[in-house]
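One structure is given below, encoded as structure tokens.
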Amino acid sequence: MRPVHPEFVPDASLSRAEMERLQRDIAEVAVFEDRFDFDPEAVSAGAGDAEQTQLGGTVSGDDPPVVAGVDQAFAADGEQAVSAIVATRGGEVIERVHAVEPTEIPYVPGLLSFREGGAILSAFEKLAVEPDLAVLDGSGRIHFRQAGIATHVGVTLDVPAIGVAKNLLCGRPRESLDGHLPEGARVAIESDDGVTAPPGTVIGYAYQSRQYDDPETRHVNPLYVSPGHRVSAETTTDLVARLCDGYKLPEPTRLADSYADEVKADIGE
DNA sequence: GCGACAG
DNA sequence: ATCTTGTCGC
């Protein structure tokens, strides 16, 4: 698929001020509400039993939604960015594509999409299937200007997108995240000064996708999920919950992660 | 000046 | 993100 908004394609040669201006423009176009066609409850990680046939026909009317996991890896001392996309439907891989692009700028908190966005969009151009949802590694609305990489990519392609991060970029948890949150726990992340949203706006959630039983032994950190485009913060969390099949990270993300590493290994030869 | 910062 | 072996625990 190709950009629906060419004017939003990340340009690494822009000045920092221009990048921030573009992010504000993107945030204005972004939709942080549910505006998609598929059934959220039809999204799943492992291949479920929705494939059963009856007299040659499928029991369920239509196919499960197509979810595209996106992740990056870097090679050649960080000079090459590998973007990998793995598309799944009902937990089954239906397509894998990747793109390798030179990295033009270093990582700067808040400007991640200008470093990795180019490779990601190149990979999406090779993707034949039209995903119902894109799952990006990083934040969406949990961003200073409400335009993290999930929002940037989602708006540019105008595809429903969500962001899944392992660390919190900004915002403030409504409750302390210290201690061990039980599996399935959700804590709202609100905007504070430093985020271009009315103070107190729920810009995402800390979601405990996985946890050990005994708090004394080991603990897992929560994920920080947020809307990218066309998905609300609540639904974003619901979707991530459905995609994390007993693991900390969503299945599509894990698949894209390993595929990116696979490609990186093939490059170093 | 201090603090804070996805991948 | 990346450089990296073993090791603890379910």
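Letters A, B, ... are given to chains in the order of the sequence lines, protein chains preceding strands, and every chain is numbered from 1.
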Quick check on dA1(C): is either OP1 or OP2 less than 4.0 Å from any side-chain nitrogen or oxygen of Lys264(A)?
no
DNA chain C: Asp213(A) or Ala75(A), which has the more 5' nearest nucleotide?
Ala75(A)
Separation of dT2(C) atom C1' from Asp257(A) atom CG, nearest Å, is 13 Å
Asp132(A): partners by salt bridge (charged side-chain N to carboxylate O under 4.0 Å, His left out), with sequence neighbours left out:
none
Within this structure, what is the CG-to-C1' distance between Asp71(A) and dT2(C), rounded to whole angstrom?
13 Å
With heavy atoms under 4.0 Å as the rule, sort Phe144(A) into base, sugar-phosphate or nothing.
base
In whole angstroms, how far is the P atom of dA1(C) from the CG atom of Asp261(A)?
9 Å
Can you tell me if His229(A) and Asp158(A) form a side-chain donor-acceptor pair at under 3.5 Å?
yes
Can you give the first and last nucleotides of DNA chain B, 5' to 3', that have an atom under 4.0 Å from a heavy atom of chain A?
dC5(B) to dG7(B)
Count the heavy atoms of every other residue, nucleotide or ligand shown that sit under 6.0 Å from CZ of Arg172(A), and state whether that count exceeds 12.
no
So if you build clusters from Ile, Leu, Val, Met, Phe, Trp, Tyr with side-chain heavy-atom gaps below 4.5 Å, do Leu169(A) and Ile149(A) land together?
no
Extract the stems that DNA chain B is part of, considering only consecutive pairing runs of at least three Watson-Crick or G-U wobble pairs, both distances under 3.5 Å.
none
Given atom CD1 of Ile149(A) and atom C1' of dA1(C), what is their separation to the nearest angstrom?
12 Å
Which pairs pass side chain to side chain donor-acceptor pair (under 3.5 Å) with one or both residues in residues 200-209 of chain A, sequence neighbours excluded?
Tyr205(A)-Glu234(A)
Would a 4.5 Å heavy-atom cut-off, applied to side chains only, mark Ile189(A) and Pro173(A) as touching?
yes
Across the strands shown, which category fits Ile142(A) at heavy-atom distances under 4.0 angstrom: base, sugar-phosphate, nothing?
nothing
Asn167(A) atom CG is separated from dT2(C) atom P, nearest whole Å, by 14 Å
Verify salt bridge (Lys or Arg N to Asp or Glu O under 4.0 Å) between Glu251(A) and Arg254(A), making sure each step is shown before the conclusion.
CA-CA 5 Å; Glu251(A) 176 87 61; Arg254(A) 301 206 325 276; 3.3 Å; yes
Please give the stem ranges for DNA chain C, sorted by first residue number, where a stem is three or more consecutive Watson-Crick or G-U pairs and both donor-acceptor distances are under 3.5 Å.
none
Using a cut-off of strictly less than 4.0 Å between a heavy atom of the residue and any atom of DNA chain B, enumerate the qualifying residues of residues 104-114 of chain A by number.
Tyr107(A), Pro109(A), Gly110(A), Leu111(A), Leu112(A)
By salt bridge (charged side-chain N to carboxylate O under 4.0 Å, His left out) - contacts of Glu101(A) (at least two apart)
none
Quick one: side chain to side chain donor-acceptor pair (under 3.5 Å) pairs with a partner in residues 103-115 of chain A, sequence neighbours left out?
Ser113(A)-His152(A)
His219(A) ring center near Tyr212(A) ring center (under 6.0 Å)
no
Which residues share a salt bridge (charged side-chain N to carboxylate O under 4.0 Å, His left out) with Arg21(A), sequence neighbours left out
Asp25(A)
Residues two or more places apart in sequence or in another chain: which of them pass ring pair (Phe, Tyr, Trp, His ring centres under 6.0 Å) with Phe38(A)?
Phe36(A)
Does Val129(A) have any side chain to side chain contact (heavy atoms under 4.5 Å, CB included) partners at least two apart in sequence or in another chain, and if so, which?
Val66(A), Ala87(A), Ile94(A), Glu95(A), Leu127(A)
Can you list the residues that meet the side chain to side chain contact (heavy atoms under 4.5 Å, CB included) rule with Asp11(A), with sequence neighbours excluded?
Ser13(A), Leu14(A)
